[in-house]
Amino acid sequence: MTKATGERKMRIIVQKFGGTSVATSKARARVTEWVVKAKREGYSPVVVVSAMGRSGDPYATDTLINLAKEAYHDTRPRELDLLASCGEIISSVVVTNTLRAAGLDAIVMTGGQAGIITNSNFGNAEIIRVDPSPVLRHLNEGKVVVVAGFQGVTEDGDVTTLGRGGSDTTAAALGVALNADVIEIYTDVDGIKTADPRLVPDARTINTITYEEILQMANEGAKVIHPKAVEIAMMRNIPLRIKCTFSEAPGTLITYTFEGPPKWPAVPGNRTVTGITHMPNVAQIKVYTPLKAHGADRNQEEETQKSLRKRGETDLLMFKKLAEAGISLDMISFTPEVKMFIIQESLVDGALAIISEFGLEARVTKGCSKVSVVGSGMRGVPGVMANVVEALERAGVPIIQTSDSHLTISCLVSKEHTEKAVRALHDQFGLAHV
Ligand code: ADP
Ligand code: ASP
Ligand code: MG
């Protein structure tokens with residue numbers, strides 16, 4: 001009870017439903033059941049929806065994007081965002097009607113109407129603030145608020161989208177702005193698994209995972225939740241639960257890190273590795289940056305130092321230019337003579353054009369996947385790399401490049417070896433069994 005008013009504090013829940021969860025009337029009936037359950041438990045629900053279905057379905061995001069490209073391949077990002085945002089708007093109206101048909105007092109809002117303000121980076125806009133008051137007003141009247149995910153609006157009133165998979169981000173942003181008790185992400189799998197179940201059928205559902213681990217897994221390609229959504233929820237310690245729309249399974253609870261506040265449940269078990277991820281369609285680029293002079297005598301040494309400094313300046317300019325072109329680099333490895341990194345395959349032509357502007361030679365290996373072993377428990381544990389190498393060696397998967405951080409070891413492999421590599425690593429670390 002709050003002292004001033006004697007009113008019970010509103011307990012808000014954000015429930016996000018993905019594309020397959022809203023695709024058919026049967027699926028939407030399940031959505032209604034989850035919303036009714038939340039209401040019955042005393043929550044005020046905010047329902048965030050994705051566009052209905054997947055690529056090929058009439059109102060799915062990919063279908064809408066292709067529609068624009070069919071008319072003119074060079075659609076401007078501002079126009080493309082306006083069209084792409086319609087998928088979630090259609091879905092939100094249909095879901096609102098479904099809820100109303102079940103007797104719930106539901107009202108629909110676009111992302112902009114729900115107070116989500118973004119910058120104007122069309123296609124991948126950043127949320128700069130959320131005004132919770134429009135949603136709160138409706139919640140206070142006892143309404144269920146249905147919000148179109150994946151979108152916001154700029155200060156100038158332009159509609160933007162939040163990047164692919166961005167309805168998760170909408171849910172997290174509203175959860176934080178409304179100080180929700182919990183954010184539930186409903187999808188087509190019963191939680192976060194030890195690997196993508198499409199590649200590893202015996203992947204196990206993880207009961208509890210840290211924000212840090214899932215953030216790493218999401219950044220490394222586990223698309224079960226958008227990494228930005230994790231980052232946002234993590235800022236305010238709002239619990240996230242990933243659940244399957246179509247099953248009663250408890251799903252996965254995302255909790256604080258190992259070092260987190262004591263109110264968070266401890267991460268169970270002594271697992272070293274939590275999961276295996278894969279990121280397809282990447283290319284390795286090696287840029288050759290040879291020095292002019294090498295040698296042992298004093299003059300040559302000076303020349304080498306001068307050459308190194310000049311080389312450094314050129315490299316810096318080249319990397320700045322790649323960044324300005326929106327080309328994000330990963331698995332970066334430097335020697336004075338070779339700069340090695342990976343990028344999305346679709347960005348190779350743009351990157352090569354920039355590299356050649358600097359008169360540098362580059363070698364490209366297309367058709368690669370980045371396969372990663374992720375786990376907070378591997379910090380300081382010896383032998384993880386040896387296990388990775390052993391597993392891939394035994395599976396006959398050549399490693400093109402590796403990189404690591406305190407909770408990840410990543411290997412670049414050829415595209416046709418992706419599945420084999422993920423399965424071999426999943427087996428090596430015994431992830432199918434607790
Ligand atoms: P939604 O439309 O509900 O947001 P997504 O397709 O974006 O659904 O995400 C769910 C999909 O994520 C699953 O169908 C699954 O194939 C994939 N996925 C990838 N890695 C994992 C993982 N580690 N655990 C669970 N699902 C994963
Ligand atoms: N519909 C959008 C997409 O397909 C956003 C989402 O589903 O989260 O990327
Ligand atoms: Mg998704």
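We count ligands from 1, going down the list as the structure has it; atoms in each ligand are counted the same way.
- Residue contacts with ligand 2: G165 is included, with a non-hydrogen atom under 4.0 Å away.
- Under the 3.5 Å distance criterion, the side-chain polar atoms of T61 are left unmatched by any main-chain donor or acceptor of A84.
- When only non-hydrogen protein atoms are considered, atom 13 (C) of ligand 1 lies nearest to D188 OD1, 3.5 Å.
- Taking the charged nitrogens against the carboxylate oxygens, R198 and D188 do have a contact shorter than 4.0 Å, which makes a salt bridge.
- With respect to the salt-bridge test (charged N to carboxylate O, under 4.0 angstrom), the residues K16 and D168 qualify.
- The atoms of ligand 1 that sit less than 4.0 Å from any heavy atom of A195 are 22 (C), 23 (N).
- A donor-acceptor contact closer than 3.5 angstrom is absent between the side chains of T160 and D81.
- Between the choices I185, I225, D196, the shortest heavy-atom distance to atom 17 (C) of ligand 1 belongs to D196.
- Proximity of G166 to ligand 2 is established by a heavy-atom distance of less than 4.0 Å.
- The protein non-hydrogen atom at the shortest distance from atom 4 (O) of ligand 2 is R164 NH2, 2.9 Å.
- Scanning the protein heavy atoms around atom 9 (O) of ligand 1, the nearest turns out to be K223 O, 3.5 Å.
- Within the listing of ligand 1, atoms 9 (O), 12 (O), 25 (C), 26 (N), 27 (C) sit less than 4.0 angstrom from a heavy atom of V224.
- Side-chain contact between T194 and I206: present, with at least one pair of heavy atoms (C-beta onward) separated by less than 4.5 Å.
- Looking only at heavy atoms of the protein, atom 14 (O) of ligand 1 is closest to R198 NH2, 2.7 Å.
- Using a 4.5 Å heavy-atom cutoff, the side chains of F429 and T272 are not in contact.
- For E88, every heavy-atom contact with ligand 2 shorter than 4.0 Å involves the side chain, none the backbone.
- Between the side chain of S414 and the backbone N or O of H417, no donor-acceptor pair lies under 3.5 Å.
- Scanning the protein heavy atoms around atom 5 (P) of ligand 1, the nearest turns out to be R54 NH2, 3.5 Å.
- The 12-atom threshold is not exceeded at OH of Y59, counting heavy atoms of other residues, nucleotides or ligands nearer than 6.0 Å.
- Not one N or O of K16 is nearer than 3.5 Å to an N or O of ligand 2, by distance alone.
- In this structure, the protein non-hydrogen atom closest to atom 3 (O) of ligand 1 is T187 OG1, 2.6 Å.
- If you number the atoms of ligand 1 from 1 as listed, the ones under 4.0 Å from a heavy atom of K16 come out as 4 (O).
- Looking at G19, A60, S167, G275, it is G19 that brings a heavy atom closest to atom 2 (O) of ligand 1.
- Of the listed residues (S85, S167, A229), the one carrying the non-hydrogen atom nearest atom 6 (C) of ligand 2 is S167.
- Summary of contacts: the protein heavy atom closest to atom 25 (C) of ligand 1 is G191 O, 3.5 Å.
- Here E33 does not pair with K37 in a salt bridge; the nearest charged N to carboxylate O distance is not below 4.0 Å.
- In terms of protein heavy atoms, atom 23 (N) of ligand 1 is closest to K193 O, 3.0 Å.
- In this structure, OH in Y288 is found 11.5 Å from CD1 in I355, a value given to the nearest 0.5 Å.
- F334 pairs by the ring-ring contact (aromatic ring centres under 6.0 Å, His included) definition with F319, not counting sequence neighbours.
- Within 6.0 Å of CZ on R164 lie more than 12 heavy atoms contributed by other residues, nucleotides or ligands.
- With ligand atoms numbered from 1 in the order given, ligand 1 contributes 20 (N) to contacts under 4.0 Å with heavy atoms of A222.
- Counting heavy atoms closer than 4.0 Å to ligand 2, residue S50 contributes side-chain atoms (C-beta onward) but none from N, CA, C or O.
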